[in-house]
Amino acid sequence: MKTKLAAFLLGLVVLGSVNEADACSRVLYVGNDSLRIVGRSLDWKTPIPTNIYVYPRGMKKVGNTLEGSVEWTSKYGAVYAVSYDGGVTEGMNEKGLVVSGLFCKGTVYVNDSTMSRPPMSLAMFPAWILDVCANTPEAVAMLRKHDFNISGATFDGGTVSALHWGITDEQGRCAVLEFDHGTVKIYEGQDIPVLTNDPTFPEMNAINDYWVKKGGTHTLPGTVSSPDRFVRAYFFNNNVKKTGEADLGVAITRSILFNVSVPYEYTVEGEGNVSSTQWRTFANIRDRLYYFDLATNPGMFYIDLKKCDLRPGAPVLKIDTSKSSGYVGDATRHLFKTKPFTPMY
């Protein structure tokens with residue numbers, strides 16, 4: 001148990017280190033014929049074992065093991081990316097709702113008024129949203145109630161994993177969720193194109209506004225910092241071809257994420273925590289296809305949620321990505337029955 005806990009704490013560090021070199025990026029590509037693809041990268045200095053799980057409807061779950069924790073029964077089946085087989089990083093449900101968690105240094109989840117609310121662990125928070133919400137307005141309404149208290153494992157002497165989340169639905173309704181000293185802040189919009197890390201979403205958009213006015217055809221910021229990645233992703237996302245063809249749309253989104261990813265094994269002398277891109281995902285909301293792109297794999301594979309049995313009582317399914325080096329294209333057939341992962345609360 002101590003070994004598993006240590007592994008999951010490291011997984012939380014992936015999402016919440018205090019070093020500004022930490023890097024995750026989210027891009028929403030909007031094509032033709034209702035094609036929307038949410039691409040995201042997860043970056044860290046060491047490999048992050050992340051497996052793919054498919055959960056059916058009708059499962060009873062809890063947000064924590066603490067007394068009075070949030071409890072729910074899943075209304076919707078979903079595919080999750082689960083780091084260290086202990087915590088949900090992101091995913092997409094059968095209604096096309098996508099939740100993506102990214103590092104944001106200024107995040108503070110709690111204050112005196114939140115401490116008595118029902119506990120909710122970071123390990124289960126994205127799953128809760130995906131399990132019970134069909135779209136972004138439903139998620140926003142639930143989150144604005146703020147009848148929960150987020151907690152998570154700490155590291156480095158008490159540093160809390162600091163995240164913000166991008167939420168996207170089938171119609172392109174988006175929300176960015178941030179916590180400011182225990183206060184829920186939600187920024188809503190249609191087809192919000194980009195989310196990276198710190199600073200906060202309003203500050204990041206102010207930075208991007210400068211570059212929008214400056215223009216990006218001849219000059220764009222080129223470092224791996226969060227603002228520079230945001231600006232590049234925003235510019236390219238707004239200047240690529242629009243298509244309704246799924247494969248081409250994924251290829252376009254993938255190329256944008258390549259442009260804002262950090263080369264594998266990239267290091268800078270004196271900066272031991274510069275983060276390499278470990279994996280990327282692409283959620284084709286229209287067609288319910290969920291792609292996983294491991295940096296060390298020669299190819300990319302996807303799960304077709306439409307082919308999965310999501311009825312109540314159906315088994316939990318899994319892909320062990322450590323054995324996926326030969327998977328290319330539709331890997332739904334490689335899902336195998338498994339026990340639910342054990343959340344590391």
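Note that this is a predicted model, so its numbers are computed, not measured. Reckoned from all heavy atoms, side chains included, excluding hydrogens, waters and symmetry mates.
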Please determine whether a side-chain nitrogen of the Lys or Arg among Glu138 and Lys75 lies less than 4.0 Å from a carboxylate oxygen of the Asp or Glu. no

Ser100 and Val38 have their tightest heavy-atom pair at OG-CG1, 4.0 Å

Any chance you could lay out the side-chain contact (heavy atoms from CB on, under 4.5 Å) test for Leu130 and Met92, step after step, and finish with the verdict? CA-CA 7 Å; Leu130 293 168; Met92 176 175 66; 5.6 Å; no

Applying the side-chain hydrogen bond (donor to acceptor under 3.5 Å, both in side chains) test to Asp131, which of Tyr76, Tyr80, Tyr55 qualifies? Tyr80

Given the rule in the side-chain contact (heavy atoms from CB on, under 4.5 Å) test, do Ile285 and Ile37 qualify, once you have shown the distances and angles that lead to the verdict? CA-CA 6 Å; Ile285 297 176; Ile37 299 169; over 6 Å; no

Atom of Ser41, atom of Ser261 and distance for their closest heavy-atom approach: CB-OG, 4.2 Å

Atom OG in Ser324, atom CZ in Phe292: separation rounded to 0.5 Å? 7.0 Å

Kindly determine whether Val260 and Phe230 satisfy side-chain contact (heavy atoms from CB on, under 4.5 Å), including the steps that lead there. CA-CA 8 Å; Val260 298; Phe230 188 105; over 6 Å; no

Return the set of residues passing ring pair (Phe, Tyr, Trp, His ring centres under 6.0 Å) with Phe125 (not counting sequence neighbours), or none when no residue passes. Phe148, Trp165

So, for Ser322 and Asn51, which heavy atoms are closest and what is the spacing to 0.1 Å? N-OD1, 4.4 Å

SB check Glu90 Arg40 (cutoff 4.0 Å): yes

Looking only at heavy atoms, what is the nearest atom pair of Val328 and Gly299, with distance? CG2-CA, 4.1 Å

So for atom CG, which belongs to Asp112, do other residues, nucleotides or ligands contribute more than 12 heavy atoms lying within a distance under 6.0 Å? no

Are His164 and Phe201 an aromatic pair, judged by ring center distance below 6.0 Å? no

Quick one: pull up CG in Asp293 and OH in Tyr302 and give me the separation to the nearest 0.5 Å. 14.5 Å

Spatial distance of atom NZ (Lys185) from atom CG (Leu177) [nearest 0.5 Å]: 12.0 Å

Just wondering, do Asn64 and Val62 contact through their side chains at under 4.5 Å, heavy atoms? no

Show your working on side-chain hydrogen bond (donor to acceptor under 3.5 Å, both in side chains) between Asn284 and Asp287 and close with a plain yes or no. CA-CA 6 Å; Asn284 175 343; Asp287 302 316; 2.9 Å; yes

Between atom CZ of Arg254 and atom OH of Tyr291, what is the distance when rounded to the nearest 0.5 Å? 10.5 Å

Should Tyr109 and His146 be marked as a ring pair (Phe, Tyr, Trp, His ring centres under 6.0 Å) after you check the CA-CA gap, both sets of side-chain angles, and the distance that decides it? CA-CA 11 Å; Tyr109 300 116; His146 200 180; 9.7 Å; no

Just jot down the salt bridge (charged side-chain N to carboxylate O under 4.0 Å, His left out) partners of Asp147, sequence neighbours excluded, or say none. none

Between CD of Gln278 and CG of Asp43, what distance do you get to the nearest 0.5 Å? 7.5 Å

Please evaluate residues Arg229 and Asn197 with respect to the criterion side-chain hydrogen bond (donor to acceptor under 3.5 Å, both in side chains), reporting the C-alpha separation (whole Å), side-chain torsions for both, the decisive distance (0.1 Å), and the verdict. CA-CA 9 Å; Arg229 286 182 284 107; Asn197 312 113; 2.6 Å; yes

Is there a side-chain contact (heavy atoms from CB on, under 4.5 Å) between Val82 and Thr89? Walk through the geometry before answering. CA-CA 6 Å; Val82 182; Thr89 304; over 6 Å; no

Verify whether the ring centers belonging to Trp211 and Phe235 lie closer than 6.0 Å. no

Asp330 versus Arg333, closest heavy-atom pair with distance: O-NH1, 2.6 Å

Test of understanding: with salt bridge (charged side-chain N to carboxylate O under 4.0 Å, His left out), list the residues that count as partners of Asp169, not counting sequence neighbours. Arg173

Could you pull out the closest heavy-atom pair between Val212 and Tyr234, with the gap in Å? CG2-CE2, 3.7 Å

Salt bridge Arg286-Asp33, side-chain N to carboxylate O under 4.0 Å: no

Return the orientation label for the Tyr327 and Phe301 ring planes: parallel under 30°, perpendicular over 60°, tilted otherwise. perpendicular

With rounding to the nearest 0.5 angstrom, report the CE to SG distance, Met142 to Cys133. 3.5 Å

Can you check salt bridge (Lys or Arg N to Asp or Glu O under 4.0 Å) on Glu94 and Arg57, steps first, answer last? CA-CA 10 Å; Glu94 62 180 301; Arg57 310 172 209 117; 2.7 Å; yes

